[in-house]
Structure formats: C-alpha cells, structure tokens
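Here is the naming used below: chain letters follow the sequence lines, and residue numbers restart at 1 for every chain. As the structure is a computational prediction, the values presented were derived from the model and not from experiment. Hydrogens, waters and symmetry mates play no part in the numbers below; they use all other heavy atoms, side chains included.
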Amino acid sequence: MTQPPQPTSEPSRYLPDKPSLEGLEAKWSGVWAEQGVYSFDRTKTREQVYSIDTPPPTVSGSLHVGHVFSYTHTDAIARFQRMRGKEVFYPMGWDDNGLATERRVQNYYGVRCDPSLPYDPDLVLPEQPGKQQISISRRNFTQLCDQLTKLDEQAFEELWLRLGLSVDWSMTYATVGARSRAVSQRAFLRNYQRGHAYMAEAPTLWDVTFRTAVAQAELEDRDHPGAWHRIAFHCAGDSAHSNSAPDNRVYIETTRPELLPACVALVAHPSDERYTHLFGTTVRSPLFDVEIPVVAHRAAEIDRGAGIAMCCTFGDLTDVQWWRELDLSTRAVVGWDGRVVAEPPTGLSSTAGREAYAQLAGLTMHSARQKVVELLSASGDLEGEPRPITRPVKFYEKGEKPLEIVTTRQWYIRNGGRDDELRAQLLKRGTELSWHPDYMKVRYDNWVEGLNGDWLISRQRFFGVPIPMWYPLNADAEPDYANPIVPHEALLPMDPSSDTPPGYDPTDRGKPGGFAGDPDIMDTWATSSLTPQIAGGWGSDEDLFARVFPMDLRPQAHEIIRTWLFSTLLRSHYEHDQVPWQHAGISGWILDPDRKKMSKSKGNVVTPMALLEELGSDAVRYWAASARPGTDTAFDTGQMKVGRRLAVKLLNASKFVLGLGEADAPANLADVTELSKVTEPLDNAMLGDLARAVDAATIAFEAYDYSRALERAEQFFWFFCDNYVELVKTRAYGEHGDAAAASARTALRLALRAQLRLFAPFLPFATEEVWSWWQRGSVHRSSWPTADELGGQRVTSQVALESGLLGTATTLIGAIRKAKSDAKLSMRTEVDRATIYATVDSLPHVQAVLGDVAAAGRLRHTETVCRPAPDGHSVPVGRDELSVELSL
RNA sequence: GGGCGUAUAGCUCAGCGGUAGAGCACUCGGCUUACAACCGAGCGGUCGCAGGUUCGAUCCCUGCUGCGCCCACCA
C-alpha cells in the first residue's frame with residue numbers, strides 16, 4: 001500500500017493508477033481536523049475577517065437533505081472567501097433549546113415534567129418507554145434534555161464532517177448552553193431596563209395542548225372544518241321596530257356557538273341599516289339569558305354571515321379589538337386546559353342561565369359546542385341546521401388543536417407592532433442589508449408591515465432559558481409584578497426557580513413577605529435572535545466580538561425571515577444600533593420529485609448520511625450548489641450522479657495531465673516565468689478562455705451566486721477535456737518537438753491548477769486529493785485563481801486572434817468527429833486524406849491549428865482548399881479520404 | 001383579499017432585445033493507452049395565452065391563466 005500523501009509534505013508525485021472517490025471523505029476530513037485547516041485566527045482585524053452567523057440546526061429535528069442543501073451553499077461561500085484571503089469566522093451552533101427538545105425527550109424516554117416534584121438524583125428509567133409517561137422533576141427532565149441533545153449533536157457533527165463543512169469546530173455553541181443563556185438573559189434585562197421589554201396581562205393566543213402562550217410568528221393558518229350556526233338573540237320588550245325579525249329576534253351567525261356564554265356584545269357596521277335601530281339597545285342571549293349591548297364598529301363586515309357578529313371574550317383577534325376599543329365587559333369561559341371553566345362568568349346570573357352553564361362546565365371546547373347546539377335546538381333558538389364550511393383557523397405551528405385566546409400575564413418585547421415609528425425604523429434597517437436574492441426583502445417588509453402586536457416572549461414550558469426575574473411577595477404572598485427583583489448581570493446565567501435574590505434567604509421563597517421566581521422560560525427565538533452575539537462572544541469575549549461583529553453573512557431559509565431574521569435584526573437594532581450583518585443569503589427548500597415539500601410522513605425523506613455514503617459528498621454538494629440561490633429545488637439523485645461524474649472526471653483528467661511527465665513538472669506554477677514556456681497560440685488561447693471563466697466565476701461568487709460560479713467552472717472544464725486536451729494530446733506526448741510539448745504540458749498544468757481551485761469550494765474532497773498529488777498545503781488554503789496568473793495582459797493582447805484559433809480548432813475537430821460518426825467509423829480510424837474547405841479570412845486560422853487538428857483527428861494528409869464550403873455538411877467519402885466542409 | 005416568485009426539449013433547469021442552450025432520457029456509433037461508472041454523433045422546442053413597445057420580443061410593458069410560496073381580523 002502506498003501511504004497517502006500529507007498536505008504539508010513535499011509534493012509527493014503520487015499518482016494513483018486508478019483514482020477513486022471512495023474513502024476521500026474520511027481521509028481528508030481527518031487531515032483537515034488534525035492540521036486545523038479551517039481554524040479561525042483571532043488575531044485578524046475586522047477588515048480581514050469574513051464572519052458567518054451560522055444557522056444552528058434544531059438538533060431534535062430529524063436529519064434531512066434540506067440541511068445538506070443549504071449548509072453546502074454557505075460552505076461554498078466560506079471556502080471562496082477563505083481562498084480570497086479572508087480569515088473566515090465560521091462556527092457551528094446547535095439549537096437544542098425549547099419545545100422541540102422537550103417533546104423529543106418526552107417521547108424518547110417516556111417521561112413528563114412535573115415541576116412540583118423534588119429532584120431525584122438516582123432516577124432510573126426503564127429501557128423501553130412505557131405506555132404511561134413517568135412524571136419527573138424539572139431538574140431530572142432538563143438533565144435528560146441535555147443527555148439526548150448530546151447524542152443528537154454528535155449525529156449532526158458526523159454529518160457535517162462527512163459533508164465537508166469548513167467549520168472551526170472549536171467554536172461550537174449550543175443555544176441552551178451557559179454562554180447562550182447568559183447572553184439571552186443579559187439582552188433581555190437590557191431590553192427591560194430600556195423599556196423595550198415589559199410585562200402585561202392581556203388576551204393571549206394560547207395552545208391548549210402545550211398549555212403555553214405562543215407568538216404571532218409561530219402561528220399558521222390551517223383549513224379547518226366548522227359550521228355556521230344561525231342563533232337567535234331576543235330583543236328586549238315588545239319592540240315594534242319594523243326591521244327586526246317578526247318574532248322580535250336578532251339572528252347572528254357563528255362558527256363558535258360554544259362561546260355563547262362568553263358573549264359580551266353584538267357588533268354591526270355603523271352604516272348597516274338593518275341594525276342601526278338596535279345600536280344602543282340591548283338584547284338577551286339565548287340559553288344564558290344575559291343582557292347584551294348592540295354596538296357599532298367599522299371592523300364589522302356587512303356581507304359576512306348575518307352582518308352582525310357575536311363578540312365573545314375571546315373567540316378571535318377581532319373580538320379582542322372590539323373588546324379593547326369598545327370597552328366591553330369580560331366573560332372568559334376558556335381555561336388554560338382548553339376546557340370550559342367551572343365558574344360561570346359575571347353577568348350570567350339567571351337560574352336558567354346558570355343551569356345551562358353547569359352542563360358545559362369542564363367540557364372540552366369540542367364537546368361544549370355539541371352541547372350548546374343541542375340546548376339551542378331544544379329551546380328553538382337555533383334556526384335551521386348548521387351549515388358545514390371549511391375556513392382558515394389559527395394553529396400553533398407545532399400544535400394540533402386550534403388556538404384559544406386566554407387572558408394571561410406575559411412578557412413582551414416591543415417590535416413595532418404597536419409603534420409606527422419603530423416599525424419605520426425596522427423597515428429602514430431592512431434596506432441596510434444586501435439580500436440574496438434581492439426579492440426576498442419583500443418578505444421582510446410584508447412581515448414588519450403586518451405585525452399586529454408586540455413580541456410575546458414568555459412561554460409556560462420547562463426546557464429553555466428562564467426569564468431572569470424574581471417578584472417580591474406581599475403579606476398575602478401575592479407577587480408584586482410592578483416591581484420585579486432584577487438580578488445583576490454578573491450573576492448570569494441564573495435560574496430564578498433555584499437562585500435566591502440578594503437580601504433574601506432561600507427559605508423566603510413563596511412565603512408572605514418573601515419572593516417568587518418567574519416560572520416561565522423564554523421563547524426559543526428570544527435566544528436564537530442573539531446568535532451573532534452568542535457566537536461572537538458578546539459580553540464574555542469583547543475582543544473577539546469586535547473582530548467579527550457586525551457579521552458579513554446570515555445564511556438562512558426563507559420561511560424563517562419572519563422569525564429568525566426579523567428577531568435578530570430587532571435585537572441588534574436595540575443593542576448595537578446597527579444591522580447584525582451586511583448580507584442575508586436566503587436558501588430555498590428541497591422539494592421531493594413531485595414538487596411537494598419533503599415530509600417525513602410521506603416516507604420520501606432520504607437520510608442524508610446514506611446519500612453521502614452512496615454517491616459521495618462531492619456529488620451531493622454539486623447537486624446543492626447547482627441550485628440557484630433562493631430557489632426551491634427538487635431532490636434529484638440524477639443531478640448528484642452528474643456531480644459524481646464531474647468529480648471522477650476531475651480525478652482522471654488530473655491524472656492524465658500530471659502523468660504526462662515528471663521531468664518538466666514545475667515546482668511552483670505560481671511563478672509567472674512558467675508562462676513563458678507557453679509558446680503555442682492554441683495553448684495561450686485556452687488560457688485566455690480560462691482566464692475569462694475565472695473572472696466570471698469570481699464576479700458570480702462576489703455576488704453570492706455560487707451556482708453561476710460552479711456553472712462557469714464546469715462549462716470550461718468539459719470544454720477543456722473534450723476539446724483542448726484531445727487537440728493537444730499528441731503534441732504533449734512530444735511528437736512535434738520538445739518546445740511544442742513543453743508549451744502544451746505547461747498550459748495543461750497551469751489550467752489544471754487553476755481549475756482545481758475553481759472547483760475547491762464545491763468539490764472539496766476530489767480537489768484536495770488531486771492537489772495533494774503535486775502541490776504543497778491544502779487547496780483550501782491556497783489562493784483563489786486570477787486572470788493574471790493565466791497570462792493576464794499577455795493573453796488579452798492576442799485574444800482576438802487566439803480565441804478565434806481555439807474556436808476554429810474546435811469546429812474542425814467537431815466536423816471530423818461528425819464525419820467519422822456519420823461514416824460509422826471509430827474515432828481512432830486513421831484517415832488517409834482530408835480536404836478542409838475554408839474561406840479566405842479563416843484560412844490562416846485553419847493552417848495555424850492544422851497540426852493539432854490533424855493529430856487529434858488522425859488525418860495522415862490534409863489539404864486546405866481556399867473557397868467557401870460546397871452545399872451541405874461534411875461529406876464522408878470513405879476510410880481513405882475525408883472531405884470536411886466548414887462554414888468559417 | 002394583498003404580495004412575491006415562476007411558466008423554455010419527455011424530465012431537471014440555464015439563458016437572452018438580434019439564427020433557441022446544457023444535463024438526464026432516447027437513437028446510432030465506438031473498449032480511441034486519463035476516464036466503458038467512458039467517448040463521439042444525433043433526435044427533440046409556436047420559449048404558458050392575448051395584446052402592446054420595437055426595424056426586430058422567448059427576453060421589455062400590460063392583461064389573463066396555471067403552479068409554488070409569503071402575508072391577511074378565523075364573527
């Protein structure tokens with residue numbers, strides 16, 4: 001066995017007989033780690049650094065080809081910037097914070113967190129989770145969270161290593177780690193101290209399954225079946241208003257009849273003449289017999305339902321608006337558990353009403369609806385049958401039941417949703433970013449313009465960053481929320497449920513005159529919105545932070561512009577008064593081949609590790625990098641096979657070029673004197689074309705268009721292999737003299753050296769393998785190719801003539817191939833005589849390349865005839881004579 | 001309801017104010033000493049529809065249609 005070469009050793013002249021992609025991932029990822037090829041040099045200044053605000057993957061989610069897709073894009077950019085001479089700050093983060101982890105731990109271990117239980121240091125769980133979830137303490141629970149996320153993080157790291165991400169693994173962070181918790185709590189406290197964070201008791205969108213508040217950014221609309229119910233309210237007295245129904249009733253239509261006991265008003269549009277006579281009067285609700293005012297509000301829609309709506313506390317956000325703006329009563333009936341609360345609301349005082357209510361108390365919303373419909377039918381207040389409809393209903397994105405609105409005390413961060421001036425500032429911040437692709441900015445603008453309230457950041461969950469606040473308790477042990485006890489920044493991270501505020505004794509917890517900790521944790525985005533600060537060492541390593549912040553690039557997917565991008569920008573706006581990055585690179589999604597979003601449930605998810613093992617990382621990276629920025633892309637193994645073919649071709653072509661001879665192998669091709677060996681016009685023409693491809697790829701990369709950079713490199717490479725290499729092959733063997741051979745070999749080597757570097761960001765393994773055969777160091781620390789090193793001005797001055805030459809030669813060899821193909825001859829068939837027709841203008845070109853063309857086409861004798869080609873195309877005359885007609 | 005994107009070969013996608021491109025698939029030919037997991041040649045398109053601007057439109061403008069996505073107060 002031949003020892004694999006080491007990148008720091010002398011060029012090894014090691015050329016495998018049969019180059020292969022197998023094993024390159026393990027070999028080179030190991031070498032890179034060992035030699036710290038991607039380690040960040042923190043002595044560099046901000047100007048010298050290119051910093052990336054890595055998206056920390058949710059480790060409790062499944063590994064998905066979508067991950068491979070978008071992280072490859074970022075890695076290609078990182079590698080390009082590194083080769084351009086930037087010191088790339090490219091850490092990895094793990095998002096192990098929040099509900100995703102909680103849920104995974106519950107299912108994986110079969111446990112459930114009960115914060116009232118004491119910690120059990122000797123907890124032993126059954127090997128297989130049982131049917132019944134085991135209740136454990138909060139501390140035990142979070143320990144299991146830590147334990148499981150460690151496993152998940154390992155799986156991700158293995159994947160990333162195999163994919164070849166050029167991450168500095170010594171700088172990894174986790175969003176629930178101590179550093180992240182400290183940053184998150186510090187930023188929150190500063191928001192609080194500046195008045196950007198506040199606490200309020202207000203109607204809140206509430207998930208009854210997870211029993212937590214959720215934020216606007218976590219909502220999604222889903223089509224949900226429901227039904228219109230036409231319900232009669234009773235007008236007071238013997239009203240003689242002609243517009244009332246003849247039976248003195250007012251009909252409303254609702255999809256939420258179960259909220260009838262929560263009704264606080266009927267609302268119609270001020271200009272709706274059907275109801276104007278009722279404004280200012282009251283009606284009585286059916287079943288519950290509560291006196292209900294009829295009021296006017298512009299938000300009521302004349303042509304929706306009956307045109308008059310039942311306003312409940314709270315059925316939807318319009319109800320909240322009406323309740324606020326019209327100063328209506330409050331009759332909450334939905335409890336935290338999603339069931340009808342036991343006590344009837346105020347105002348529900350009649351005996352009949354209380355009896356009706358008693359039949360609902362404790363029921364789920366679903367059952368309560370059936371019961372109310374039953375009662376209304378019996379009382380004759382339901383007109384007709386419910387009419388089924390499907391309408392959009394708000395869900396928590398991770399939830400399975402429609403959201404309710406429950407009044408709770410929560411923490412908020414101002415986000416412009418209630419403040420036009422702040423909103424305008426944030427919109428302006430959006431313009432300070434370079435968006436790639438630029439139209440993605442519209443999504444940001446839409447989101448900011450559509451915000452309808454401040455950002456609710458508290459969550460009634462267990463695993464996450466605690467809200468760092470205590471509250472003094474009064475003589476009745478009730479918390480004084482208006483005067484929280486704020487911890488010192490030096491004490492962060494802290495947990496108010498186990499830490500004791502200064503001046504108190506742990507035994508004062510929960511006692512009159514004592515203190516209580518805030519029981520809630522923060523929304524996962526409240527921490528993730530600080531990834532530039534976490535990764536950069538804000539507050540703990542200000543020296544590092546100054547060298548990396550604001551960052552250059554935020555890569556992310558488009559669906560989290562409203563969450564991650566927006567919230568990060570908001571926090572940076574508050575804390576640093578600037579945008580957190582210069583560029584936002586937005587990736588698309590992976591769709592399955594049917595153009596649907598890939599989903600686990602459909603069984604079409606491919607495990608990325610298996611893909612990498614089967615096709616090779618370079619192949620999969622090629623597929624990812626072929627997708628235009630921001631574009632949703634079909635999962636396509638065909639494209640990966642194309643990438644694999646490219647990588648194999650690169651190995652083989654390199655082997656050929658490097659195998660042409662050791663004697664004149666230049667030790668340092670960066671030495672421009674090598675260029676003087678390139679004497680043949682055809683060789684210079686090729687280098688000139690390559691120089692243009694290099695320029696095009698560079699411009700594309702600088703504009704974050706990695707796919708175009710790859711396309712240009714690839715386009716040139718196939719042309720190089722199929723035409724140039726074939727044309728100069730025999731000359732390179734030395735059949736036309738040493739100088740001509742040296743010209744070809746040097747050009748081939750210069751071209752190979754440049755092309756390996758063009759491909760390095762995309763095919764890091766194959767390019768590194770080839771680089772190691774003949775160059776020092778890692779290709780990934782070499783410099784990005786330039787037009788200058790390929791001849792620059794020298795080539796450019798002759799460009800007109802020489803690119804014409806290359807075109808002529810390519811056309812000629814193509815015509816010869818076609819002639820042979822039409823004659824059903826092997827390409828190696830020797831042709832005794834060929835006639836090449838040409839115009840006067842092109843004749844010099846033809847004659848200049850005739851030697852290479854004749855050799856490549858295996859033409860023994862050629863004749864050039866100076867006249868336009870006869871009609872038709874190439875005419876194969878036979879094995880011993882070939883007429884090649886050209887339109888030149 | 002508002003917005004963004006998109007529509008090009010059987011499939012996946014580039015492109016561009018001036019004679020329509022690539023890969024895959026398909027057909028034919030070739031084991032040509034870098035590569036048969038390869039090479040060569042070929043077949044294949046009213047550039048979604050309708051108008052407009054222009055000497056000229058696949059490209060620019062307007063409208064329409066299909067698809068995808070984002071957003072929107074769910075009575």
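- Nearest-nucleotide mapping onto RNA chain B: of A/A300 and A/S826, the residue sitting toward the 5' end is A/S826.
- When distances are taken from the side chain of A/V642 to each of B/rA14, B/rG23, B/rA75, the shortest belongs to B/rG23.
- Using a 4.0 Å heavy-atom cutoff across all strands shown, A/D319 reaches no nucleic acid atom at all.
- Without hydrogens or angle criteria, A/R562 side chain to A/A217 main chain gives a donor-acceptor distance under 3.5 Å.
- Atom name C1', nucleotides B/rC49 and B/rC35: the rounded distance is 48 Å, in whole Å.
- Contact annotation: side chain of A/Q715 to base of B/rA14, donor-acceptor pair absent below 3.5 Å.
- Side chain of A/Y439, nearest nucleotide from B/rG5, B/rC74, B/rA37: B/rG5.
- Of the two residues near RNA chain B, A/V442 and A/R628, the one whose nearest nucleotide lies more 5' is A/V442.
- Among the heavy atoms of the strands lying under 4.0 Å from A/W322 is at least one base atom, whether or not backbone atoms are also near.
- Taking atom CG on A/L710 and atom P on B/rG23, their separation rounds to 15 Å, with Å as the unit.
- In this structure, of B/rA14, B/rC35, B/rA75, it is B/rA14 that holds the atom nearest to the side chain of A/R708.
- The aromatic rings of A/F656 and A/Y733 sit perpendicular, their planes meeting at an angle over 60°, well past the 30° parallel limit.
- Side-chain proximity of A/W589 to B/rA72, B/rC69, B/rA41: nearest is B/rC69.
- When each of B/rA37, B/rA34, B/rC71 is scored by its nearest atom to the side-chain atoms of A/K729, the top-ranked nucleotide is B/rA34.
- Here A/A299 lies out of heavy-atom contact (under 4.0 Å) with every strand.
- Checked against B/rA75, B/rC73, B/rG23, the side chain of A/M310 finds its nearest nucleotide in B/rA75.
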Handout entry: side chain to side chain donor-acceptor pair (under 3.5 Å) evaluation trace for A/H297 with A/E325
Key = CA-CA 9 Å; A/H297 192 276; A/E325 296 184 10; 2.8 Å; yes

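- Between A/W623 and A/F635, the two ring planes are perpendicular [angle over 60°; tilted spans 30° to 60°].
- We find that CZ of A/R324 is positioned 14 Å from P of B/rC73, with the value rounded to whole Å.
- When each of B/rC35, B/rC69, B/rC73 is scored by its nearest atom to the side-chain atoms of A/K394, the top-ranked nucleotide is B/rC73.
- Aromatic ring orientation, A/F717 versus A/F720: parallel (interplanar angle below 30°, classes split at 30° and 60°).
- Among the protein residues, A/C721 comes within range of the nucleic acid bases, having at least one heavy atom under 4.0 Å from a base atom.
- In this structure, A/E614 atom CD and B/rA37 atom P are separated by 16 Å, rounded to whole Å.
- Only the C1' atoms considered, B/rC70 is 33 Å distant from B/rU53, to the nearest whole Å.
- Distance from the side chain of A/R391 is smallest for B/rC74 among the nucleotides B/rC74, B/rG29, B/rC73.
- Contact of A/R304 with B/rA75 (side chain to base): a donor-acceptor pair of N or O atoms is detected under 3.5 Å.
- Residue-level contact check: A/K649 touches the bases, meaning some heavy atom is under 4.0 Å from a base atom.
- Checked against B/rC74, B/rA41, B/rU32, the side chain of A/R828 finds its nearest nucleotide in B/rU32.
- Classified by interplanar angle (parallel below 30°, tilted 30° to 60°, perpendicular above 60°), the ring pair A/F716/A/F719 is tilted.
- Rounded to an integer number of Å, the gap from CG of A/D272 to P of B/rA75 is 17 Å.
- When distances run from any side-chain atom of A/S821 to the nucleotides B/rC69, B/rG40, B/rA75, the shortest one goes to B/rG40.
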